[in-house]
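Accompanying notes for the structure given below.
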Amino acid sequence: MLDYLQSGTAIVATDSPANRDALAPDVAVLTTPRPDAFAQGILTLCRDPALRHELGHRGRERIAGTRRWEPFRESLRCCYEYVTANRVT
């Protein structure tokens, strides 16, 4: 999700706690976790270029202002170190 936000791509996602960590209705089309609702979310963006542009723009602004890549990289590095050090063979 963070890569999509950074790229300025409009996002359709299910409205779940995990997705809510990075997304909100002002930066993405959030749907109930049903195929028909998700499809409707996609159609909404396909039919509304202004909405696509606005959500993409807001997403890019949000990630630039709130997320930093270095802490994420460091967390990921620590995770990989932990996994490789505690690997079950």
Side-chain angles (χ1 to χ4, degrees):
M1 296 287 179
L2 299 179
D3 287 338
Y4 293 129
L5 289 170
Q6 184 180 19
S7 73
T9 302
I11 297 172
V12 176
T14 56
D15 191 359
S16 68
N19 287 337
R20 282 280 181 157
D21 184 46
L23 302 174
D26 66 322
V27 298
V29 173
L30 299 175
T31 71
T32 58
R34 295 187 342 262
D36 60 320
F38 196 81
Q40 186 59 48
I42 292 170
L43 289 173
T44 296
L45 288 181
C46 287
R47 293 175 178 150
D48 192 339
L51 178 62
R52 278 195 318 267
H53 174 77
E54 186 62 29
L55 292 177
H57 178 74
R58 285 189 207 146
R60 185 180 306 134
E61 283 182 339
R62 173 165 299 166
I63 195 133
T66 62
R67 304 286 179 156
R68 301 290 179 251
W69 292 108
E70 194 52 44
F72 173 75
R73 285 185 198 123
E74 180 62 18
S75 295
L76 189 59
R77 185 189 62 73
C78 289
C79 180
Y80 280 126
E81 284 180 0
Y82 174 82
V83 169
T84 57
N86 295 292
R87 197 171 55 196
V88 177
T89 55

What's the spacing between [X] [atom1] and [Y] [atom2] if we round to 0.5 Å?
| X | Y | atom1 | atom2 | answer |
| --- | --- | --- | --- | --- |
| Leu51 | Cys46 | CG | SG | 11.0 Å |
| Ile11 | Met1 | CD1 | CE | 6.0 Å |
| Arg58 | Glu54 | CZ | CD | 4.0 Å |

Arg52 side chain to Ala10 backbone, donor-acceptor under 3.5 Å: no
Check whether any side-chain N or O of Asp15 sits under 3.5 Å from a backbone N or O of Leu30 as a donor-acceptor pair, and report yes or no. no
Hey, quick one: are Tyr4 and Val27 part of the same hydrophobic cluster, counting side-chain heavy atoms closer than 4.5 Å, chains of contacts allowed? yes
Would a hydrophobic clustering, with Ile, Leu, Val, Met, Phe, Trp and Tyr connected at side-chain separations under 4.5 Å, put Leu2 with Val12? no
Who else is in Leu43's hydrophobic cluster (ILVMFWY, side-chain heavy atoms under 4.5 Å, direct or via others)? none
Looking only at non-hydrogen atoms, find the nearest pair between Pro25 and Leu55 and report the distance. O-CD2, 4.0 Å
Can you name the closest pair of heavy atoms from Thr32 and Ala37 and give their distance? OG1-CB, 3.2 Å
Please list all pairs passing the side chain to side chain donor-acceptor pair (under 3.5 Å) test where one or both residues lie in residues 36-48, with sequence neighbours left out. Arg34-Asp36
Quick one: does Leu5's side chain get under 4.5 Å of Leu23's, heavy atoms only? yes
Exactly one of His53, Glu61, Arg60 should register a side-chain hydrogen bond (donor to acceptor under 3.5 Å, both in side chains) with His57. Which one does? Glu61
